[in-house]
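Report on the following structure.
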Amino acid sequence: MSADLRHSLSPDINLHEKAGIKQQPGGRLSAPPAMEFFDSESNKVDRLVLNKFTLYETKTNYYMVGSNQSDSRFRILKIDRSTPTELTVIEDDIIYSKQEINDILTALEEGNRVSGGLNKVITAYGIVGFIKFTEGYYISLITKRSAVALIGGHYIYHIDETVLKPIAQGTKPEKNSSKNSDEQRYINIFNNVDLTKNFYFSYTYDITHTLQHNMTRPPSRRNFSYNEMFVWNSYLLENGFRSLKNNSDWILPIIHGFVDQSKISIFGRNIVVTLIARRSRYFAGARFLKRGVNDQGYVANDVETEQIVSEMSTTSFHRSGLHDNPYYTSYVQHRGSIPLFWSQDVNMAPKPPIEINFRDPFFAAAALHFDNMFKRYGAPIIVLNLIKTKEKTPREGILGDEFSETMTYLSQFLPDKCLKYIAWDMSKARKGDDDVVDLMEGFAEEYLADTGFFHSGPEAWINVLKREEKEGKPQKRRMCLRQNGIVRTNCIDCLDRTNAAQLIIGKCALGHQLYALGIIDKPWVSVDSDVVNMLTDMYHDHGDTIALQYGGSNLVNTIDSYRKINQWTSHSRDLIENLRRYYNNAFADAEKQDAINLFLGNFTPEKEKPHLWELPNDFYLHNDDPRFKRQRRSYIHWWTKDVLQPKDDQQLDISRYQLVPRIARQFDDETDPYTGYWVEYYRPRLFTSFEKLFASNMNSTTKYIPSSAELGTYDYSPFVVRTTPQAAKLMNIGGVKKWLALPNTKPKEIIVEEKKKIEEKPKKEKDNLSLMESIVSKSLNPIVSSNEAEEYKQYVNQDKNMVLTSTPNGDTDPSLKSHSEYHHYANFCCRGNLPNPITDLKVPRIDTKIYDEYLEYPRKYAIIKAAGSSQYDSSGAAKSRYQAYESWLKTGKLAVNNSVINNKSKGNERGVKNL
């Protein structure tokens with residue numbers, strides 16, 4: 001029997017017949033219809049979810065056996081090892097049973113006995129892809145994983161370990177071999193992309209798309225496709241499977257970014273908050289090496305952040321129908337570099353100057369970028385620009401002016417409110433008297449009103465009743481809600497300020513999401529509550545991870561910096577992170593960029609061409625070849641026509657397409673669109689315990705409950721503000737808000753009103769008057785802000801309710817006269833009645849003695865300096881005292897002689913006593 005899989009099976013026709021497998025015209029084998037699920041759209045066999053992979057080898061082939069979770073159904077993938085420079089991957093469409101796969105492996109063992117038999121190589125959990133350098137192809141496999149999130153009963157895993165194995169024999173370079181030195185160098189560069197840090201995958205949930213897309217797309221298989229923008233192993237998979245669109249069971253997309261999940265515990269009712277960040281693979285790279293935009297419209301540090309809030313009374317996405325569980329909500333934000341052609345030279349300066357490399361009067365690259373965003377998210381696109389506007393040496397302001405011109409040009413051709421631009425100097429607001437968090441919350445409420453958020457089902461009835469009570473007439477129940485548009489936030493690096501702003505927007509979105517689910521009675525959550533503290537921790541981890549990926553260090557300025565909390569204690573941390581970021585940008589980013597270019601397929605090694613490390617730069621790896629320019633688009637109608645049409649929230653959800661009745665299935669596994677989650681999540685055939693169950697070990701708001709909390713006295717609600725009474729009594733000092741003093745519990749209407757008042761505040765003069773003229777003008781026309789007036793009012797009224805102390809005149813309170821110090825106090829108050837108030841006032845003898853001794857010290861000190869201590873006091877104790885006095889006169893600090901204090905001799909004890 002030949003080693004080839006097809007030849008080894010073709011003589012054994014009885015094996016196929018026993019398995020119930022029929023051969024279709026054209027030689028394609030498939031399982032009988034009774035074993036698979038058909039949908040109304042594509043009459044095509046549903047996919048088999050493979051989550052365990054065993055690699056076997058013969059002398060000429062690799063055989064990858066993939067199985068489902070219950071090890072009941074299998075597929076086989078054959079990889080040719082005979083031609084090192086070519087990759088031949090053959091997918092077998094047959095779904096095998098356990099008995100059939102054992103028979104095939106036995107047949108392969110017998111057929112290859114002469115050449116070494118069939119050997120098991122490794123067991124893995126997924127195929128990352130295939131890569132070729134200079135000698136031959138390699139296969140990258142996931143060997144360890146860990147669950148980090150659970151959405152609709154579908155697990156999301158983090159990659160913990162991978163292995164890179166050569167396919168052809170002799171491909172792997174030998175150590176100390178000059179022949180394969182280039183091959184080894186490429187392997188080292190490739191391994192610099194650490195797949196064990198923030199790479200994620202899921203077998204049954206499409207993590208490349210948002211929850212809104214996944215729950216509203218038609219369930220037909222032909223309508224399914226991955227978002228290739230976020231599939232970081234796209235190039236590696238295409239080497240073996242040609243295209244990600246063929247929906248092969250072996251394709252496992254991997255995203256790079258951040259995933260975290262925590263639950264809000266509300267007296268036993270669990271609300272799960274999931275944070276997913278997807279980093280774009282287009283124009284990806286390190287901080288100073290990837291800035292701005294390329295000529296295809298992709299920006300650097302492009303990250304999509306999705307905040308999912310779900311109520312876990314029903315685990316699945318489905319209830320009575322497909323994707324009709326009404327307890328799922330999500331809100332999506334975006335961050336990305338300013339879409340202009342700008343850069344910073346990598347040099348030894350911590351903050352290199354910013355240069356605009358090319359000015360396009362029609363802003364074609366920015367137009368491509370925003371057109372792509374319209375296609376992905378709809379309208380409006382709200383651009384929140386947080387860079388500095390005023391600097392001693394213009395730096396960020398150079399970009400701000402150019403970006404403002406860009407937005408003015410592009411928005412003039414669009415329908416009204418499709419592209420909004422807001423420039424707000426967050427650093428200036430932080431340094432000034434402005435309430436940064438309150439202002440940002442006002443902005444966030446407006447943005448949420450413009451874009452909305454996703455809700456998978458009808459709103460809670462309690463919300464409808466509240467609207468009816470408020471409006472005084474019957475209200476129509478909202479049956480679904482879609483997010484149309486997105487908030488795009490940026491600063492210079494899209495790291496520190498951007499993450500703080502996204503946290504505040506996410507906090508406001510959380511209030512609306514919980515309100516839509518009927519959890520809270522108003523769309524608002526208070527700062528310093530357990531639920532906001534939990535969200536803050538999640539966004540801090542999110543920001544640190546994104547900053548490490550792009551900038552090489554954790555966040556420098558967190559939300560505490562903008563709330564002005566722990567400014568002194570965080571100073572050392574900020575300094576360390578600045579140094580880490582500076583070191584990585586100056587010394588490590590070049591290698592990091594090479595690794596990313598090689599991993600993503602931006603550079604492919606070829607013989608007779610320069611190696612990756614020989615290129616002067618990677619400009620042409622990320623931009624179009626100037627010899628083959630794409631067709632020029634209109635400078636006026638720069639957007640795609642249909643992308644600006646919003647979807648009606650009341651429109652029938654396309655996910656509720658009618659499916660044909662399900663045929664009885666022989667196997668119930670993850671492929672079933674209704675019950676697949678049950679098999680994956682509950683795993684009925686596997687013995688499990690709560691200690692190993694991810695949902696039981698998930699982070700929760702209960703971790704913020706102090707161990708000293710007592711039942712009956714402690715409020716366990718996660719929405720209660722946790723501040724001490726002392727902190728609540730603090731006031732504004734010098735116009736600087738003490739953020740820990742009073743929690744932010746203002747309704748959104750008041751915040752918006754305060755924001756308008758601040759915006760209407762008269763601006764500072766910018767005329768050319770001299771300094772003296774300006775001073776005179778301001779003194780004749782004084783302006784008092786509302787904050788200053790409120791502070792002055794607090795100052796005037798602070799002693800209004802103070803109880804006045806009675807004087808001794810006419811006071812008959814016996815308890816007051818019995819006090820030991822009362823007579824001294826009374827004599828001092830009545831000293832004006834004495835003949836000579838200065839000399840007749842009686843002073844206690846001990847006070848007189850202390851005062852005389854105080855006057856005597858300088859005289860004794862002068863004697864010691866002139867004659868020496870031995871002529872004044874033979875014990876030497878006085879000398880030590882006067883030396884300490886001399887040190888105090890010179891330095892202002894009292895230096896105590898330890899030898900005098902620690903000596904236990906009687907003479908020194910007397911000296912210390914005299915001190």
Side-chain angles (χ1 to χ4, degrees), residues 3 5 48-82 84 87-92 96 98 101-102 104-109 111-113 115-133 135-147 155 157-175 183-184 186-188 190-191 193-197 199-203 233 236-237 239-241 248-254 599:
L5 177 62
L48 173 63
V49 177
L50 304 176
N51 53 26
K52 183 180 179 181
F53 304 81
T54 305
L55 184 64
Y56 298 90
E57 68 172 353
T58 65
K59 187 175 182 180
T60 56
N61 293 299
Y62 270 142
Y63 294 96
M64 181 73 74
V65 177
S67 65
N68 61 355
Q69 187 165 258
S70 58
D71 282 334
S72 59
R73 302 203 292 170
F74 302 82
R75 284 195 190 276
I76 297 180
L77 185 74
K78 191 185 80 167
I79 306 170
D80 186 12
R81 303 182 65 194
S82 59
L87 180 63
T88 303
V89 178
I90 301 175
E91 296 183 57
D92 191 351
Y96 297 100
K98 193 174 187 65
I101 202 69
N102 289 334
I104 291 173
L105 293 177
T106 302
L108 289 173
E109 171 69 24
N112 293 274
R113 187 177 297 278
S115 57
L118 182 71
N119 301 312
K120 181 178 176 180
V121 179
I122 196 172
T123 299
Y125 295 103
I127 300 175
V128 178
F130 303 87
I131 184 71
K132 177 188 175 184
F133 305 121
E135 301 297 328
Y137 280 91
Y138 297 80
I139 182 173
S140 179
L141 301 172
I142 302 170
T143 55
K144 286 186 180 180
R145 67 184 183 185
S146 58
Y155 279 107
Y157 295 95
H158 178 267
I159 298 177
D160 294 336
E161 186 179 279
T162 61
V163 64
L164 188 67
K165 297 194 71 63
I167 293 178
Q169 296 181 356
T171 299
K172 187 175 181 180
E174 299 179 359
K175 295 181 180 180
E183 181 79 4
Q184 184 61 54
Y186 275 119
I187 293 176
N188 294 337
F190 181 84
N191 289 331
V193 176
D194 192 350
L195 290 172
T196 64
K197 292 183 178 179
F199 283 87
Y200 305 89
F201 68 93
S202 177
Y203 298 113
N233 60 332
L236 304 180
L237 290 173
N239 285 334
F241 304 106
S248 170
D249 293 342
W250 301 93
I251 290 178
L252 186 65
I254 294 171
F599 184 88

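- Between the side chain of Glu109 and the main chain of Leu118, a donor-acceptor pair closer than 3.5 Å is present.
- Shortest non-hydrogen contact noted between Thr196 and His158 is O-CE1, 3.0 Å.
- Note that CD1 of Ile139 is 7.5 Å distant from CG of Leu77, once rounded to the nearest 0.5 Å.
- Counting non-hydrogen atoms of other residues, nucleotides and ligands closer than 6.0 Å to OH of Tyr125 gives a total of 12 or fewer.
- Using cut-offs of 30° and 60° on the angle between ring planes, the pair Phe133 and Tyr186 is parallel.
- When atom types are taken as modelled, the side chain of Asp92 and the backbone of Ile76 share no donor-acceptor pair closer than 3.5 angstrom.
- Note that CD of Glu183 is 10.5 Å distant from CG of Asn188, once rounded to the nearest 0.5 Å.
- Separating the CG atom in Asn68 from the NZ atom in Lys52 is a distance of 10.5 Å, to the nearest 0.5 Å.
- In terms of modelled atom types and a separation under 3.5 Å, the side chain of Arg81 and the main chain of Pro166 share no donor-acceptor contact.
- The aromatic rings of Phe201 and Tyr203 stand perpendicular to each other, their planes meeting at an angle above 60°, with 30° marking the opposite boundary.
- With values rounded to the nearest 0.5 angstrom, Lys144 atom NZ is found 8.0 Å from Asp160 atom CG.
- In this structure, Ser202 contributes its side chain and Tyr155 its backbone to a donor-acceptor pair below 3.5 Å.
- When every heavy atom of Ile79 is checked against every heavy atom of Leu87, the shortest pair comes out as CG2-CD1, 4.1 Å.
- Closest of all the heavy-atom pairs between Ser140 and Leu164 is CB-CD1, 4.0 Å.
- Atom-to-atom distance recorded for Leu141:CG and Thr162:OG1 is 9.0 Å, nearest 0.5 angstrom.
- Closest approach of Asn112 and Leu108 over heavy atoms only: ND2-O, 2.8 Å.
- Checking side-chain atoms of Thr60 against main-chain N and O of Ser82 turns up no donor-acceptor pair under 3.5 Å.
- Judged as a salt bridge (charged side-chain N to carboxylate O under 4.0 Å, His left out), not a single pair has a partner in residues 115-125 (not counting sequence neighbours).
- Proximity of a side-chain donor or acceptor of Asn239 to a complementary backbone N or O of Phe130 within less than 3.5 Å is detected.
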